[in-house]
Amino acid sequence: MPVFAANLTMMFTEWAFLDRFEAAAAAGFTAVEYLFPYEAPPEAIGERLARNRLEQALFNLPPGDWAAGERGTAALPGRFDALKSDVERALDYAAATGAKRLHLMAGLADPSDPEAASSYRRSIVYAAERLAESGIDLLIEPINGRNMPGYFLNDFGAAERLIAELGLTNLKLQFDIYHRQILHGDIVMALRRLLPMIGHIQIASVPSRHEPDNEELNYPYLFEEIDRLGYDGLVGCEYIPRGRTLDGLDWFKPFARS
Ligand SMILES: O=C(O)C(=O)[C@@H](O)CO
Ligand SMILES: [Mg+2]
């Protein structure tokens, strides 16, 4: 049975951030993820996780100036020194929360720009090697251009080639089924082929990015396939509830901790 992580950036937003942990646990989740933890002290998050017996699935390294439109800095020339301190900041949160995976966002840059490509590789190698010292995986995630226009890593093939070429044992693919379907489709064959490099899976309905219970994809079949493949990681529920979070959890009932 897949193990689901509630995404606390998108779900349970009826509660204040630190109270979302208890709400997710009460709904039967055993794990959580979110985009960014940096507005709460690391110890406070660690305490909420422990109190609610929740596993921290993953979060993103600092993304640059998000409010100003930045979506990561890894592929941005000239940002390497800041990235190094961002890695240390994320590691502090990983230590307090027990997170074993961190997602490095590439940023907005032209994928055909050689300078951006070389900055991206350099950032990935640095971050992966630094995270390896703490036994943490570094993840990269292809994101579709409708949700994030101009995002550097907008192709699963490019991510696959890069992970294979760099050959870093803790560099993994964040396989967001929502982005995969919009970018390329062919989800099941891609899951089968890419399984050895997948470090995390995320889900949402397509095209609306809501609960994984209708629209374009047959999620019950995909959940069975994830089991058949023997995937032993977590599945992040990175969706925006159609209404109240708790009202949209019928799909999750068979998987909930009682
Ligand atoms: O947008 C997504 O999909 C993510 O997984 C985020 O971590 C990046 O914004
Ligand atoms: Mg995602």
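Residue numbers count from 1 along this sequence. Hydrogens, waters and symmetry mates are skipped; everything else that's a heavy atom, side chains included, is used. First listed ligand is number 1; within each ligand, the first listed atom is number 1.
- Not a single N/O/S atom of Tyr178, whether from backbone or side chain, sits less than 2.8 Å from the Mg ion (ligand 2).
- Every atom of ligand 1 with a heavy atom of Met148 under 4.0 Å away is listed here by number and element: 9 (O).
- Residue Gln202 approaches ligand 1 through these ligand atoms, each under 4.0 Å from one of its heavy atoms: 5 (O).
- Looking only at atom types and distance, the side chain of Asn7 has a donor-acceptor partner in the side chain of Glu33 under 3.5 Å away.
- When rounded to 10 degrees, the angle formed at the Mg ion (ligand 2) by OD2 (Asp176) and OE1 (Glu238) equals 80°.
- Regarding atom 7 (O) of ligand 1, its nearest protein heavy-atom neighbour is Asn60 ND2, 2.9 Å.
- Asp137 places none of its side-chain heavy atoms less than 4.5 Å from the side chain of Leu102.
- Taking the ring centre of Phe29 as origin, the terminal cationic atom of Arg257 falls outside the region bounded by 6.0 Å and 45° from the ring axis.
- Checked against a 3.5 angstrom limit, the closest N/O atoms of His179 and ligand 1 fall inside it.
- Ring geometry for Phe255 against Trp251 counts as tilted: the plane angle lies between 30° and 60°, on a 0 to 90° scale.
- The side-chain tip of Arg228 points at the ring of Tyr221 from less than 6.0 angstrom away and within 45° of straight on.
- Among all protein heavy atoms, the one lying closest to atom 6 (C) of ligand 1 is Glu238 OE2, 3.4 Å.
- Numbered from 1 in the order shown, with element, the atoms of ligand 1 that lie under 4.0 Å from a heavy atom of Gln174 read 5 (O).
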Full working for salt bridge (charged side-chain N to carboxylate O under 4.0 Å, His left out) between Glu88 and Lys84: CA-CA 7 Å; Glu88 298 311 309; Lys84 287 204 244 178; over 6 Å; no
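- Counting atoms of ligand 1 from 1 in the listed order, those under 4.0 Å from a heavy atom of Glu141 are 2 (C), 3 (O), 4 (C), 5 (O), 6 (C), 7 (O), 8 (C).
- When heavy-atom distances to ligand 1 are checked against a 4.0 Å cut-off, Arg71 has no atom that comes that close, whether in backbone or side chain.
- Between Ser205 and Asp213 there is no side-chain heavy-atom pair separated by less than 4.5 Å.
- Under the 6.0 Å distance and 45° angle rule, Arg180 counts as a cation-pi partner of Phe156.
- With the Mg ion (ligand 2) as vertex, Gln202 OE1 and Glu141 OE2 subtend 90°, rounded to 10°.
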Steps toward salt bridge (charged side-chain N to carboxylate O under 4.0 Å, His left out) verdict (Glu215, Arg242): CA-CA 13 Å; Glu215 303 179 22; Arg242 293 188 180 89; 3.2 Å; yes
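- Residue contact check: Asp176 has heavy atoms under 4.0 Å from atoms 3 (O) of ligand 1.
- Considering only non-hydrogen protein atoms, atom 9 (O) of ligand 1 sits nearest to Met105 CE, 3.5 Å.
- The part of Arg209 lying near ligand 1 is the side chain, judged by heavy-atom distances below 4.0 Å.
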